Trainee: 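One structure, as C-alpha cells, below. Some questions next.
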Amino acid sequence: MSELEERNLRDMLEQAVGEPPRWVSLNSIRQRAIRRRITQVGVASFAVLAVILGATFSAYAAKGGAPTTGGSRSAAGPPKYYVAQQYNRGSGFKIVVRARTTGKVTSVVRDPKPRANCGNSLAAGGTHTFFMTCQVWRKQPVAVLIYRFEVTNSGRATTPVLVKGATLGGGLYGENLAASPDGAFVAIEVTRPNPNGILYTNEVSAGIYVINTETGKRVFWRTGRYVPGKLGFDGASDISFTQNGSELVLLEKLCHRTRYQRNCRSSDPTEVRAFGPADHGGSLQGGQVLLRLSAFKKPGTSLSDALITPDGTALTSVMFNCPKRGLCTLTVARIALTTGKLLNKLYQVRTGTRFQGIDMRSFGTDPTGRFLMLNAADSPTSKWVNGWIDHGRLVKLTPADFSGEQVW
C-alpha cells in the first residue's frame with residue numbers, strides 16, 4: 001500500500017468512526033494544514049434537498065431574516081493572481097503567488113517570523129489583501145500570529161505585517177483562518193493543550209477569536225462547557241463573514257466528547273449557524289441555525305462546505321450525492337436564506353463512488369463572493385477537479401494536482 005493510499009484509508013476510517021487521538025507534532029500540523037476530507041455519503045435527491053432546506057430557511061426568515069449587511073463589491077472579472085501553499089517535504093510551507101491563467105509563480109511571500117511555522121492557514125479579505133498565520137512551536141505550540149500582506153497588480157507580494165492584536169499566546173494552536181470580505185475582521189479557531197501539556201489531533205477547540213484588523217480589538221467566541229452525555233460544538237469546518245463583518249457564520253459538527261477530547265461520528269449533527277454581532281463574542285453553543293442536516297439521517301446528502309455570501313442573503317455550498325452504484329455527484333449551489341430555494345447550481349460533476357469517497361482539498365470564494373475555487377479528486381484514481389467556476393464550467397488551474405490551500 002502506497003503512502004497516499006494508506007493516508008486515504010486512515011482518513012476514511014476517521015470519518016466513519018471518529019479520530020483516534022494522536023499527539024500533534026510540528027510535522028503533523030504541516031500535514032494537517034493540507035486539508036484532506038474524504039467524503040462518503042449515501043443516496044439522496046438534490047430536489048429533496050431544496051424542499052427540506054426550504055422549511056429550515058423559512059423558519060429562519062420568520063425569526064428575523066438573513067443577517068443584515070452591506071452589499072458586496074463588484075468585480076470586472078476574476079482575479080489575475082491567487083495565493084497558495086507550496087509544501088516541500090522536510091522544509092514546511094512556502095507561500096507563493098501564482099498567475100491564474102498560467103500557474104506561473106510570480107512572487108514568493110517573505111517568511112515574516114524566522115524559525116516559526118508560517119503559512120499553515122490563509123485567508124483573503126478586501127482588494128488584493130491576504131492574511132496568513134505563523135505558529136511558534138517549541139516541542140508544543142507556544143503562540144500563533146496573524147500577518148497581512150498585499151499582492152500588487154503585477155503579482156508581487158509585499159512584506160507581511162503583523163496584524164494589530166493578532167499575537168495569541170498561552171500555548172495556542174491556530175487554524176481555519178478567515179477574513180471578512182472588506183478585510184476589517186479576521187477570525188481564527190484556536191486549540192490549547194489539555195492540563196497534561198499535550199495537544200492531540202482530536203482535542204476540543206477552545207473557541208474562535210475575532211480580531212478588528214484596524215484597532216486590534218479582539219473578542220472570543222468560546223466552546224461550551226463540557227456536559228456529560230451531551231453533544232457540543234466540536235470545531236468549525238468553514239468560517240465566513242458577511243460583508244462588513246457583522247455576522248460570523250460557521251459550518252460545525254456537534255459531537256460527543258470527553259472533557260478535553262472529541263469523539264465525532266459520521267451520524268453526529270452538522271449545522272450552519274450565524275453568530276452576531278461578530279465583534280461581541282460569546283458562546284458557540286448558541287447562534288441562529290441557518291441549516292440543519294438532521295433530515296438526512298438515512299441515506300442522505302453530505303455537506304462539505306457552506307459559506308455565507310457577502311450580502312448575507314445566501315449560502316454557497318458544496319454537496320455530495322452518491323448512489324449505491326455508480327459515480328457520486330458533486331454539486332456547488334447557492335441557496336437563498338429567506339426562501340430556502342436553490343437560486344442556481346453553479347457547477348456539477350460526477351466523480352468518485354460511494355465507498356471510495358471524494359477527496360475534498362479546498363473550496364472558497366474571492367471577497368466579492370462571485371468567483372469560486374474548487375479543489376477535489378476522487379480517491380482511487382486521483383482524477384483532479386481543480387480550478388475556478390465560470391458560468392457552470394470549471395476552468396482548470398495549474399498545477400492540476402495541487403494539494404494545499406489556495407485563496408484569491
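Here the structure is a predicted model, which means the values were calculated and not measured. Both backbone and side-chain heavy atoms feed into the values below; hydrogens, waters and symmetry mates do not.
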Trainee: May I ask you to decide if Ala206's main-chain N or O and Thr223's side chain share a donor-acceptor pair within less than 3.5 Å?
Mentor: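 Side chain of Thr223 to backbone of Ala206: a pair is present.
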
Trainee: Would you kindly check if the NZ (Lys) or CZ (Arg) of Arg218 is within the cone defined by 45 degrees around the ring axis of Tyr209 and under 6.0 Å from the six-membered ring centre?
Mentor: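 Arg218 over Tyr209 ring: yes.
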
Trainee: Taking the side chain as C-beta and beyond, is there a heavy-atom pair between Thr316 and Phe363 under 4.5 Å?
Mentor: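 Yes; the side chains approach each other to less than 4.5 Å.
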
Trainee: Just by distance, do the side chain of Asp311 and the backbone of Thr313 share a donor-acceptor pair under 3.5 Å?
Mentor: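 Yes; at least one donor-acceptor contact below 3.5 Å.
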
Trainee: Measuring only between side-chain heavy atoms, which start at C-beta, is Ile146 closer than 4.5 Å to Met132?
Mentor: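 Side chain of Ile146 against side chain of Met132, heavy atoms only: no contact under 4.5 Å found.
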
Trainee: Does the side chain of Leu315 reach to within under 4.5 Å of the side chain of Leu337, using non-hydrogen atoms?
Mentor: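 In contact.
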
Trainee: Would a 4.5 Å heavy-atom cut-off, applied to side chains only, mark Ile188 and Val186 as touching?
Mentor: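 A side-chain contact under 4.5 Å is absent here.
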
Trainee: Strictly distance-based, threshold 3.5 Å: is any side-chain N or O of Asn212 a donor or acceptor partner for the main-chain N or O of Glu214?
Mentor: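 Here the side-chain-to-backbone pair exists.
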
Trainee: For Asn386 and Gln406, test the side chains for any donor-to-acceptor distance below 3.5 angstrom and give the result as yes or no.
Mentor: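 The criterion, which ignores hydrogens and geometry beyond distance, is satisfied for Gln406 and Asn386.
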
Trainee: State, yes or no, whether a side-chain contact exists between Val142 and Trp137 at a heavy-atom distance under 4.5 Å.
Mentor: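 A side-chain contact is absent here, since even the closest heavy-atom pair is not under 4.5 Å.
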
Trainee: Identify which one of Trp408, Tyr147, Phe149 satisfies the ring-ring contact (aromatic ring centres under 6.0 Å, His included) criterion when paired with Phe130.
Mentor: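 Of all the options given, the one that passes is Phe149.
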
Trainee: For a side chain to side chain donor-acceptor pair (under 3.5 Å) check, start with the C-alpha distance between Asn194 and Glu203, then their side-chain angles and the critical distance, and finish with the verdict.
Mentor: CA-CA 8 Å; Asn194 59 45; Glu203 207 83 11; 3.0 Å; yes

Trainee: What about Trp221 and Phe275, are their ring centers closer than 6.0 Å?
Mentor: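 Between Trp221 and Phe275, the centre distance is under 6.0 Å.
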
Trainee: Is there a side-chain contact between Gln288 and Arg273 in this structure, where contact means two heavy atoms from C-beta onward sitting under 4.5 Å apart?
Mentor: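 Counting from C-beta outward, Gln288 and Arg273 never come under 4.5 Å.
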
Trainee: Is a side-chain donor-acceptor pair under 3.5 Å present for Ser154 with Thr152?
Mentor: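 The answer is yes; a qualifying pair exists.
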
Trainee: Test side chain to side chain donor-acceptor pair (under 3.5 Å) on Arg98 and Gln86 and set out the steps.
Mentor: CA-CA 11 Å; Arg98 289 185 181 273; Gln86 185 168 300; 3.2 Å; yes

Trainee: Could you check if a side-chain atom of Tyr82 sits within less than 4.5 angstrom of a side-chain atom of Met373, using non-hydrogen atoms only?
Mentor: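 A side-chain contact under 4.5 Å exists here.
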
Trainee: Hey, mind stepping through Thr331 and Gln348 against side chain to side chain donor-acceptor pair (under 3.5 Å) and telling me if it holds?
Mentor: CA-CA 4 Å; Thr331 303; Gln348 194 168 73; 2.8 Å; yes

Trainee: For Ser205 and Glu189, does a side-chain donor sit closer than 3.5 Å to a side-chain acceptor?
Mentor: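 Yes, a side-chain donor-acceptor pair sits under 3.5 Å.
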
Trainee: Any luck finding a side-chain donor-acceptor pair between Ser121 and Glu175 under 3.5 Å?
Mentor: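 Ser121 vs Glu175: no donor-acceptor pair found between side chains.
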
